[in-house]
*Asks:* 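Quick one: the structure is below, and I'll ask about it shortly.
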Amino acid sequence: MKKTALITGGSSGIGLATAQLLVAHQWQVYEFSRRGLAEPGIIHIDADLKDESSIEEAFAQFRQHCDHLDLLINNAGFGISGPIEFTPLAQAKEQFDVNFFGCVSCIQKALPLLRQSRGQIINISSVAAPLSIPFQAFYSASKSAINALTLALANELTAASVRVSALMPGDVRTGFTTSRRKNQSGGEIYGSAATQAVKAMEKDEQNGMSPQYIAQIIYRISKKKRPKPLYVAGTKYKFFVFLGKILPTALTNRLIRGIYMK
């Protein structure tokens with residue numbers, strides 16, 4: 001029997017590249033997204049991760065197709081930017097609803113199947129989790145929450161032999177950049193700082209790693225019998241995260257300010 005994977009946000013970017021790679025390795029792949037289309041070897045199921053009833057319906061459809069699951073990849077997410085001071089709470093909550101609570105809901109619904117198969121969960125986090133980015137605070141916070149969730153879950157599921165990891169990519173060339181929701185409020189106070197910080201991030205993303213490269217890392221993690229709870233994708237990003245661990249926090253934060261707020 002083919003191994004079965006379920007990927008959220010599998011219609012584009014990292015999710016699609018991972019789905020295609022798994023299919024190439026003879027996996028049966030299902031993907032949850034709002035606007036996906038079925039591709040060879042990939043079965044699309046409509047799902048809006050900020051809507052609990054939509055997630056429940058998507059899993060009901062999945063169970064009609066399949067009663068076995070080996071791998072859940074929580075990849076769906078989006079980004080917002082702007083000053084914390086001027087970000088509407090509704091927008092910040094939506095960021096968490098998709099990036100964090102949608103992930104939690106999928107884990108809760110997938111675990112009965114993953115427990116049976118002694119399967120695996122891979123959550124897509126970000127280097128922005130340990131290295132919080134100015135004017136993208138809520139995105140960074142949502143990914144920090146993913147890391148905390150992953151660490152706790154890895155311990156909780158040890159007895160069930162369900163492996164749990166989070167992958168923290170650095171900058172990746174995907175449509176994520178153009179779909180970022182930018183809050184332009186507060187210019188009279190912050191000047192061009194927010195705009196310049198986001199432009200610096202977008203330049204790095206457009207020159208970043210390919211989604212296919214990230215997919216290869218995800219696939220390698222999926223083959224590990226004893227994966228680490230946290231991984232970083234990209235050599236220079238591993239170095240940045242390492243520096244963040246050994247340098248004083250204030251110095252690390254000043255270095256990040258220097259990168260994005262020149």
*Asks:* Indicate yes or no: at least one non-hydrogen side-chain atom of Ser11 is less than 4.5 angstrom from one of Arg35.
*Replies:*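 Not touching, per the 4.5 Å side-chain cut-off.
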*Asks:* Arg63 and Leu113: side chain to side chain contact (heavy atoms under 4.5 Å, CB included), yes or no, with the steps?
*Replies:* CA-CA 10 Å; Arg63 294 295 293 264; Leu113 291 174; 3.6 Å; yes
*Asks:* Can you tell me if Phe86 has over 12 outside heavy atoms packed within less than 6.0 Å of its CZ?
*Replies:*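 Yes.
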*Asks:* Is it true that the side chains of Gln95 and Ser142 contain a donor and an acceptor less than 3.5 Å apart?
*Replies:*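 No donor-acceptor contact under 3.5 Å links the two side chains.
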*Asks:* Going by side chain to side chain contact (heavy atoms under 4.5 Å, CB included), Ser140 matches just one of Val127, Leu131, Ile133. Which one?
*Replies:*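 Going through Val127, Leu131, Ile133 one by one, the side chain to side chain contact (heavy atoms under 4.5 Å, CB included) with Ser140 is satisfied by Ile133 alone.
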*Asks:* Let me know which of Ile107, Leu167, Asn75 forms a side chain to side chain contact (heavy atoms under 4.5 Å, CB included) with Asn123.
*Replies:*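 Exactly one candidate clears the test, Ile107.
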*Asks:* Checking side chain to side chain contact (heavy atoms under 4.5 Å, CB included) for the pair Ile43/Gln28: CA distance, chi angles, key distance, verdict?
*Replies:* CA-CA 8 Å; Ile43 297 175; Gln28 175 61 66; 3.7 Å; yes
*Asks:* Any side-chain heavy atom of Ile124 sitting closer than 4.5 Å to one from Ile122?
*Replies:*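 Yes - at least one pair of side-chain heavy atoms lies under 4.5 Å apart.
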*Asks:* If we only count heavy atoms from C-beta on, is the Asn147 to Met168 side-chain gap below 4.5 Å?
*Replies:*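 Counting from C-beta outward, Asn147 and Met168 do come under 4.5 Å.
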*Asks:* Might you work through the side chain to side chain contact (heavy atoms under 4.5 Å, CB included) test for Phe59 and Cys106, ending with a clear yes or no?
*Replies:* CA-CA 8 Å; Phe59 268 93; Cys106 288; 4.0 Å; yes
*Asks:* Any sub-3.5 Å donor-acceptor pair from Ser81's side-chain atoms to Phe135's backbone N or O?
*Replies:*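 No, the answer is negative, given that no donor and acceptor are paired below the 3.5 Å cut-off.
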*Asks:* So, the side chain of Asp97 versus the backbone of Leu49: is there a donor-acceptor pair under 3.5 Å, distance only?
*Replies:*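 Answer holds: no.
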*Asks:* Among Leu247, Asn253, Thr249, which one satisfies side chain to side chain contact (heavy atoms under 4.5 Å, CB included) with Leu251?
*Replies:*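 For Leu251, the side chain to side chain contact (heavy atoms under 4.5 Å, CB included) test succeeds with only one of Leu247, Asn253, Thr249, which is Leu247.
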*Asks:* Please check this pair: side chain of Gln120 against backbone of Lys224, looking for a donor-acceptor N/O pair closer than 3.5 Å.
*Replies:*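 No, Gln120 side chain to Lys224 backbone: no donor-acceptor pair under 3.5 Å.
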*Asks:* Are Arg257 and Pro134 side-chain neighbours, meaning at least one heavy-atom pair lies under 4.5 Å?
*Replies:*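 With C-beta onward as the side chain, the pair stays apart.
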*Asks:* Taking Leu22 as the fixed residue, which of Ile218, Ile73, Thr4 is the one that meets the side chain to side chain contact (heavy atoms under 4.5 Å, CB included) rule?
*Replies:*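 The passing option is Ile73.
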*Asks:* Could you check whether any side-chain N or O of Thr8 sits under 3.5 Å from a backbone N or O of Ala76, counting only pairs where one atom can act as donor and the other as acceptor?
*Replies:*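 Side chain of Thr8 to backbone of Ala76: a pair is present.
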*Asks:* State, yes or no, whether a side-chain contact exists between Glu205 and Thr174 at a heavy-atom distance under 4.5 Å.
*Replies:*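 With C-beta onward as the side chain, the pair stays apart.
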*Asks:* Parallel, tilted or perpendicular: which one describes the rings of His25 and Tyr219, with boundaries at 30° and 60°?
*Replies:*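 Answer is parallel, since the angle falls under 30°.
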